[in-house]
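Only one structure is covered here, and it is reproduced in the block below.
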Amino acid sequence: MTNTQEFAPLSIAVALPAYRRALVERMLQRLLQENGEMSADWYVSHAAEADVTLRLPPDEGADPSASLLAELRRPDGGRETLTIEWPWRPGALLAALQRIARLLRSGAAGSADARDALAWQWLRRWSELALEARGRLLELRMGGQVVALMDARLGYWYAANQVLPDAAQFVTALARDSYSIELGQATPPPLLRPVSIKPLLWQLGVRSGHYGALPALRQRGGLRLKGWPYLAAGGPKAYAELIQKLRGGFNTAASLRDSGLAAAGLVDGFLNACLVCDFFHGETAEPAASAPAPVPVPAGVFAGAQMRPGNEQAVIASIRRSLHAGTP
Amino acid sequence: MSEIKLLFAGPMGAGKTTAIRAISEIEPISTEVENTDFSESDKAETTVAMDYGELTLDSGDKLRLYGSPGQKRFEFMWPLLAQGALGVVVLLDNSRPEPLADLEDFLSAFSGLIEAGRVVVAVGRLETHPQPGLDDYLASVSRRGQFLPVIGADVRRRDDVVGMLELLFEQIESTASTAAAAVAAGAAGDDEWLQFVQRARAQ
């Protein structure tokens, strides 16, 4: 289970003259010892780049009762300064630390970087469970409630609210409420209409790229596109080049990053999106040249063609062989 | 022995004759005449009816390669020539004054085939004329609610022409396998995913 509420503890450093620094550090350590919840949230650090640094306000160095300034370093790199009034009173310091923790936590959940990280974590879980599902649905819980059932094989989403959320809404909700994805029942709920989840998966995949390729992608020996990832339509120009390369033969995430076609984050996002939307061939070696077995297809799909689908597969295979036989 | 047909379409000067020559086993039969329509292209000769090339497949079948006339006044012929074709490759020339308008013309002409996943677009001369970029083409396609591959290509290179055809074939196979998966799942009538794809293609 991945719980987005499980944040790493925050670090706090004290940058005060030596005589006051020792005092404030002792106060902090006592507060953390006496308040069990706080001790999981905070630790005192001497690092120059702590999440929070306590300082004296300018021109108040001589006043032993002066307020303290808390310099906050947000996860997105932004900085903010708060004033802690009456810091020598344990209650005031405790309240200030709680307020700062809330600020930094909500900032972490709200920043674009954190949301992208959340998208990556969610897709990692999705892709792990998709391999294990074997016909079972995945159960998405948020805030302790089952909010949707998902069919990883067919790419369906079953929820009481039959409108698929967009990625921004979805990740915001993940950040706000704790979530989990687990294997669930095998049969779809009879009263819920399936909705394709692939547009959501694609958007999450694209935004997850700054956090690297998904582990399921790295485990594959080679990547080759099947068909055309039409959800890429309208995307950056580099997508067209990546598609061309991924259709030309087997590639790896590392080789595509090294190719210089696009920034690593864009390449990984594209690959993550293709992976979770099932746009890659399943096999990881060069596929055999023989034609795949004919498959039954609704007649309407072939509105533009003269040939029967089975014949068509054979014809395409024959054209491929003939074209490649003519290669100098 | 049966006959299979592929159509190369596109405006004047986009390279349809060159593309056919790249894969035809015979010298393309062209109806090239002196170009008197310099409002559309400044090339000296152009195709007034169609180009024709062919390739004998290892199955003994003939692959017939047709190039449509590029002039807009022959627009009515484009869908007619595409009837019964396995697929259509639309070649566009980025050095023309309004290549995105050309794209619109061909998307309209082949909308039925696009819906069936049988059209790819290849844009030439991107190296010398980088604007509009491929993303602008894709945006135009998306605005119409259509989905089809758009790639850059140099039809003077045989590999590029073979690549365009490979793209077309994979698109055809992908459409077929998507539909087949729905049939296999026993949900052809109310398969949401297939409906989504078909709706998007048809919009």
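In the text below, chain A, chain B and the rest are named by the order of the sequence lines, each starting its count at 1. Everything numeric in this text was worked out from a predicted model, so none of it was measured.
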Which heavy atom in Ile23(B) sits nearest to a heavy atom in Leu323(A), and how many Å separate them?
-> CG2-CD2, 3.7 Å
Has Glu25(B) got more than 12 heavy atoms of other residues, nucleotides or ligands less than 6.0 Å from its CD?
-> yes
Around atom CD of Gln145(A), are there more than 12 heavy atoms of other residues, nucleotides or ligands at under 6.0 Å?
-> no
If I take atom [atom1] from residue [X] and atom [atom2] from residue [Y], how far apart are they, to the nearest 0.5 angstrom?
| X | Y | atom1 | atom2 | result |
| --- | --- | --- | --- | --- |
| Ile319(A) | Leu55(B) | CD1 | CG | 8.0 Å |
| Arg320(A) | Leu57(B) | CZ | CG | 13.0 Å |
| Asp61(B) | Ser318(A) | CG | OG | 6.5 Å |
| Glu312(A) | Phe169(B) | CD | CZ | 9.5 Å |
| Ile243(A) | Leu167(B) | CD1 | CG | 8.5 Å |

Honestly, the part of Leu165(B) sitting under 4.5 Å from a heavy atom of chain A is side chain
Using non-hydrogen atoms and a 4.5 Å limit, figure out which bit of Thr56(B) sits close to chain A: side chain, backbone, both or neither.
-> backbone
Verify, without hydrogens or angle tests, whether Gln244(A) (side chain) and Gly152(B) (backbone) share a donor-acceptor contact under 3.5 angstrom.
-> yes
